[in-house]
Amino acid sequence: MQLTILLIAILALAVIGLYFGRRRALSAAGSNLGKLHSMPGYHGWYVALWCGIPSGIVLVVWLIIETPILEALLLSTLGPVVAEQSEAMIGLLLNDVRNLASGDVVSREVDPALQAAADRYASMKATAQAAVLAIGLAVGGAGFGWAWRRIAPSLRARNKVERFVNIALILSSCVAIVTTIGIVLSVLFESIRFFSIIPFWDFLFGLKWSPQTAIRADQVGSTGAFGAIPLFTGTLMITLIAMLVALPVGLFAAIYMAEFASPRFRNVTKPILEILAGVPTVVYGFFAALVVAPTFRGIGESIGLDVASESALAAGVVMGIMIIPFISSLSDDAIVAVPNSLREGSLAMGATKSETVVKVILPAALHGIVAACLLAVSRAIGETMIVVMAAGLAANLTANPLDAVTTVTVQIVTLLVGDQEFDSAKTLAAFALGLMLFVVTLALNIFALHIARKYREQYD
Amino acid sequence: MTEDSDAMVSLTMEDDAAPAAAGSAADTDAAPRMRMRARDVNVFYADKQALFDVDIDLALNKVTALIGPSGCGKSTFLRCLNRMNDIIDICRVTGSITLDDRDIYGRDIDVVQLRARVGMVFQKPNPFPKSIYENVAYGPRIHGLARKGRELDEVVEQSLRRAGLFDEVSDRLQQPGTSLSGGQQQRLCIARAIAISPEVILMDEPCSALDPIATAKVEELIDELRQHYTIAIVTHNMQQAARVSQFTAFFHLGELVEFEATEQIFTNPHDQRTQDYITGRFG
């Protein structure tokens with residue numbers, strides 16, 4: 001509660017600083033605004049930042065160290081009996097004390113000693129937060145006063161405010177990078193744990209995928225097999241089918257949009273095509289499962305083919321439709337980016353429009369088209385919802401697109417859905433699969449960027 | 001028709017001009033034969049008129065220069081001659097333009113064939129992202145003018161030689177055309193244009209992106225090409241017009257102000273505006 005007050009107080013102080021900093025700068029300048037090094041607004045921001053940032057830091061630091069400090073204090077008052085217990089027991093006890101103090105459900109009988117500890121914890125917390133509130137306000141006030149006194153026509157407030165903005169921008173971009181690195185590391189370490197149970201080569205080249213492990217010692221028939229080849233081939237097949245659908249359709253659409261369509265048609269159609277990219281994949285998923293797959297099965301039956309009701313074909317075709325906008329939109333950009341001078345040069349040679357497209361435009365736009373395809377492939381490999389709903393769970397090692405197959409992403413979902421223990425090979429396998437997925441899509445993306453960059457220099 | 005006129009070209013090469021159809025054979029100072037005639041050409045971009053009643057003839061084996069301040073319509077006129085304006089949706093052309101007495105906007109004319117007969121070289125060199133060889137072979141390939149192999153090699157070599165580029169690139173024909181210098185690229189574009197043996201070559205400020213040495217080379221080339229082709233060139237450079245052309249048309253605000261022999265225009269222009277422009281008073 002106190003911390004909320006502190007937060008509001010800091011903000012209020014900053015707003016006041018904004019106003020008074022500006023006013024002081026204006027009065028310091030008198031009638032001649034040109035005397036000021038920086039515009040009055042910058043002086044206002046200067047004061048606001050000086051009172052907001054330091055007290056904000058106080059608040060954040062306290063939020064980070066609050067729990068460890070309070071627990072250490074509590075432990076020191078509980079005496080040696082508790083301190084001698086195992087770490088896990090102490091953790092459990094502290095957890096109960098915290099929960100009791102904040103009025104949550106507790107895992108044991110509430111005895112007077114526990115109640116006393118909880119009361120002590122609550123009072124320590126209140127005292128500490130009051131102290132933090134005081135410190136935060138004092139620091140903010142001091143920053144306010146210091147910055148306010150420094151305001152003078154010669155103060156380089158603009159440079160200082162801009163440096164702060166610069167730092168804020170750098171920090172924002174770091175958040176994404178640091179998060180990515182964190183995810184990669186966590187996946188990597190969990191995968192290493194998995195590979196300590198299941199040998200790496202068994203995982204990578206095993207032909208049987210059956211991730212059910214025995215939960216109780218007396219269970220039978222659930223030994224677990226973690227050969228990922230059926231998943232890789234399933235993913236590969238569905239991706240291949242998707243690309244067979246998306247590449248020609250997307251590329252032809254892009255060529256038509258960029259070279260042949262009238263501006264009016266283009267203005268109407270292009271946004272519609274891009275809406276396809278905005279349809280949630282789960283919608284595509286039930287479209288695939290409820291419409292496309294049964295249709296394929298029906299067609300198969302009528303011509304005497306045995307089509308599974310969850311076939312790779314259905315999932316692949318729908319996924320292909322999903323990634324059409326990727327290919328068409330990116331290829332369209334690449335084609336439009338081909339300089340008009342090449343188009344005119346070819347037409348002026350007496351080439352027809354289609355000769356120009358095939359012999360000049362497409363070669364010149366090839367790098368962009370290849371990059372678009374690679375990005376689409378990595379999108380298809382990582383796509384989950386459609387295959388979960390339409391491709392099935394059976395890890396068949398087959399080359400028949402009419403069979404049910406499963407993909408890496410589907411298996412990750414099924415491994416982690418529901419109540420799971422997080423140290424069995426079954427759940428850890430999800431991390432290993434995730435790592436594989438990450439490595440493959442990363443490689444594809446890097447390759448795509450490399451191609452795009454390499455050929456762009458050559459053609460312009 | 002084409003073959004006949006080609007034969008005429010070679011017969012009349014030495015005196016540099018064919019007798020006019022109506023003129024008497026004894027007349028040694030005969031007017032040159034006209035390859036293209038433009039009459040009452042008006043061009044509109046949507047509602048805005050860009051050219052007003054332009055009459056220009058392009059004489060066989062002569063270079064006709066189109067000069068005038070920016071935006072005066074000279075490039076627009078040039079692009080009417082091979083119907084490149086067709087690409088622009090809002091552009092409308094009226095009047096008549098004939099090539100060897102046939103209306104190029106007529107219904108029986110295929111624009112693709114027209115452009116094969118009336119080649120074009122652009123302001124900025126625009127080699128295709130292909131090898132030097134493929135750039136020159138592009139036209140012959142799409143028009144089926146030469147069989148693959150020796151025959152095509154010969155066409156490519158001959159075109160590059162005529163464009164004065166062969167000796168510089170003979171050992172790297174497979175390298176991309178874009179790897180050449182600006183002046184070489186422009187000569188490559190000229191080689192590409194003449195590889196399909198057009199009758200007329202239109203040049204839209206072919207030297208404006210080139211340095212003085214490359215410009216001199218291209219000008220020299222234009223003078224040589226004149227013996228085989230009819231050439232129209234748009235230029236901002238009046239010395240260039242004076243150096244390379246036999247006839248000069250001066251455009252101003254979409255109107256053809258004066259169209260005379262180059263010597264006449266530069267020594268004794270009739271119109272005050274021409275006088276002002278060539279002496280640098282505006283433009």
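In what follows, chains are A, B, ... by sequence order, proteins preceding strands, each numbered from 1. Any value given below was found using the heavy atoms of this structure, including those in side chains, with hydrogens, waters and symmetry copies removed.
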Between the main-chain N or O of Ala351(A) and the side-chain N or O of His143(B), is there a donor-acceptor pair closer than 3.5 Å?
no
Would one find more than 12 heavy atoms of other residues, nucleotides or ligands at under 6.0 Å from atom CG of Asn267(A)?
yes
So, taking the atom named NZ in Lys124(B) and the one named CD in Glu344(A), what distance separates them when rounded to the nearest 0.5 Å?
11.5 Å
Pick from Ile87(B), Val111(B), Asn82(B): which one makes a side chain to side chain contact (heavy atoms under 4.5 Å, CB included) with Leu347(A)?
Ile87(B)
Side-chain contact, heavy-atom cut-off 4.5 Å: Phe122(B) with Ser341(A)?
no
Pairs meeting criterion salt bridge (Lys or Arg N to Asp or Glu O under 4.0 Å) with involvement of residues 244-260 of chain A, two or more places apart:
Glu259(A)-Arg343(A)
Chain B contact via Ser262(A) - which portion, at a heavy-atom distance below 4.5 Å:
neither
What part of Asp89(B) is in contact with chain A, defined as an atom under 4.5 angstrom from a non-hydrogen atom: side chain, backbone, both or neither?
side chain
Greater than 12 external heavy atoms within 6.0 Å of Phe252(A)'s CZ
no
Side chain, backbone, both or neither: which part of Val121(B) has a heavy atom under 4.5 Å from chain A?
neither
Return the CZ to OG distance between Arg192(B) and Ser346(A), rounded to the nearest 0.5 Å.
8.0 Å
Tell me, yes or no, whether the heavy-atom count around Phe326(A) atom CZ, taken from other residues, nucleotides or ligands under 6.0 Å, exceeds 12.
no
Expected output: side-chain Lys130(B) to main-chain Lys359(A) donor-acceptor under 3.5 Å:
yes
Using the test ring pair (Phe, Tyr, Trp, His ring centres under 6.0 Å), find all partners of Phe447(A) that sit at least two apart in sequence or belong to another chain.
none
Can you name the nearest heavy-atom pair linking Phe128(B) to Val360(A), along with the distance?
CD2-CG1, 3.7 Å
Pro129(B) and side chain to side chain contact (heavy atoms under 4.5 Å, CB included): which partner among Leu342(A), Ile361(A), Val338(A)?
Leu342(A)
Interface moiety of Pro198(B) toward chain A, non-hydrogen atoms closer than 4.5 Å:
neither
Select one option (side chain, backbone, both, neither) describing which atoms of Arg79(B) are under 4.5 Å from chain A's heavy atoms.
side chain
Structural part of Ile142(B) lying under 4.5 Å from a heavy atom of chain A
both
